[in-house]
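Report on the following structure.
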Amino acid sequence: MTVHWIWLVLLLAVVGAIVGAATNALAIRMLFRPHRAYSIGKWQLPFTPGLLPRRQKELAVQLGNIVANHLLTAEGLGKKFGSTAFAAELTNWLKKQLASWLRSEQTVESILKPLFQADIGREQLVVQSKSWLKDRLKRYLQKNKEVPIKSVVPQELQDRLTDWLPEASALLLKRATAYIDSEEGEQRIGAMVRQFLTTKGKVGSMVSMFFSADKLTEYVLPEIKKFLHDEQTKETVQSLLQTEWHRMLNRPLASFQAENYVDQFVDKAAEELEGKIPVLNWYNAPLSTWTTPYAEPLVERGVPVIVGMVTVYMEQHIADILSKLRLEEVIEEQVASFSMAHLEKLIMNITRRELHMITLLGGLIGGIVGLIQAVIVHFFY
């Protein structure tokens, strides 16, 4: 009787443990499997698909809400960006990256090549830059051809040129006086007097009877000089210059036909500047050969300033950035797009140990229930 009872206790305990462990293992399995619904005719088998496949969309929505509203919050990320430790860590990382980059053998050309997805040499860069500038200037001139020149010339430059007109008129009269005083000027005036006497017929012949061309030139020169030194002449010239200046400012841009000179202007400017623009001289040279004078200021002073600006900006605008990102929608779409096999693998990798313990716990509880059954059978039957 005793041996029989012992075997009964062991049998019921083992059977209970197997049933408990198998039940829990099956329940865990049914969380993920089957991945799709099965039907017999029009009748869908119960418990198909599994719990998670059936609720995958709701799971995606809830995960999105949890991450966006409770994990990656604006307040939490703002504190992270504003922390001194984060700023120090980011600064040190950027310093190392920038210092390494500045000491590298990369060239400006090799950096630009993947960005433009083309092999752009120094000459090609100059040609393309000139072509781009010519195109932009011609488009601008075409677009604004009816715009008056005063709308294009900066107001400050207009004011400075307007203020310079009195000086320009004085300079013009001074140069004219100097020309009249010169030998060439006297000869030119004499030639004009002779031409006048020759072309005026009888009047010219009559004047020539009393005055020779040279004598008449001697009378005319002082009068011209007197005219040039007269204050009223200065005011007249200044007034004419101002009138012409304001008239020019009101002329449309098209009247200057500037588009005809764009190519010549750009080519000439490029020819003058090409050898004077540092980046063109550095274009094919390794960064390490020309960045040495700038490396320490950039790394030691530039990086902390940039990090400070970035962290302050992120701390102040992280809420707006997160609202624009719509993390809950991103996470929802990602989780919803997972295959159930992939989602099952992710969850199992995270919870494998705990799920295994749940299976063993089922076996333990089943074994205890079996022992209790054995005791009940022994004492009451």
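Please read these numbers as outputs of a predicted model, since none were measured by experiment.
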Run the salt-bridge test on [X] and [Y] with the 4.0 Å N-O cut-off and return the result as yes or no.
X    : Y    : result
R301 : E296 : no
E184 : R188 : no
R139 : D135 : yes

Could you tell me whether the side chain of [Y] reaches within less than 4.5 Å of the side chain of [X], counting heavy atoms only?
X    : Y    : result
D263 : K138 : yes
V262 : Y140 : no
L72  : L322 : no
K57  : V335 : no
M314 : I321 : yes
W93  : E89  : no
R247 : E244 : yes
F32  : I347 : yes

Atom [atom1] of [X] with >12 non-hydrogen neighbours under 6.0 angstrom:
X    : atom1 : answer
K145 : NZ    : no
K225 : NZ    : yes
R326 : CZ    : no

Check: R251 main-chain N/O paired with S255 side-chain donor or acceptor under 3.5 Å: no
Side-chain (T73) to main-chain (N69) donor-acceptor, under 3.5 angstrom: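 Answer holds: no.
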Could you give the side-chain donor-acceptor pairs of residues 354-370 under 3.5 Å, partners two or more places apart or in another chain?
from : atom 1 : to   : atom 2 : distance (Å)
T359 : OG1    : L355 : O      : 3.1

Listing, residues 231-243 side-chain donor-acceptor contacts under 3.5 Å, not counting sequence neighbours, or none:
from : atom 1 : to   : atom 2 : distance (Å)
T233 : OG1    : F227 : O      : 2.6
T236 : OG1    : Q232 : O      : 2.8
T243 : OG1    : S239 : O      : 2.8

What pairs with [X] under ring pair (Phe, Tyr, Trp, His ring centres under 6.0 Å), at least two apart in sequence or on another chain?
X    : result
H70  : none
Y313 : H317
Y261 : none

[X] and [Y]: same hydrophobic cluster, using ILVMFWY side-chain contacts below 4.5 Å?
X    : Y    : answer
L63  : V61  : no
I350 : I28  : no
F265 : L133 : yes

Qualifying residue for side chain to side chain contact (heavy atoms under 4.5 Å, CB included) with R175, from L171, T177, L172: L171
Where is the tightest heavy-atom contact between [X] and [Y], given as atom of each residue plus distance?
X    : Y    : answer
V303 : L98  : CG2-CD2, 3.6 Å
Q158 : K150 : NE2-O, 2.6 Å
A60  : A336 : CB-N, 3.9 Å
L371 : A13  : CD2-CB, 3.8 Å
I149 : M248 : CG2-O, 2.9 Å
K80  : F86  : O-CB, 3.2 Å

Pairwise distance OG(S339) to NZ(K345) - rounded to 0.5 angstrom: 10.0 Å
Separation of T23 OG1 from I18 CD1 (nearest 0.5 Å):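 Separation between the atoms: 11.0 Å.
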R160: partners by salt bridge (Lys or Arg N to Asp or Glu O under 4.0 Å), with sequence neighbours left out: none
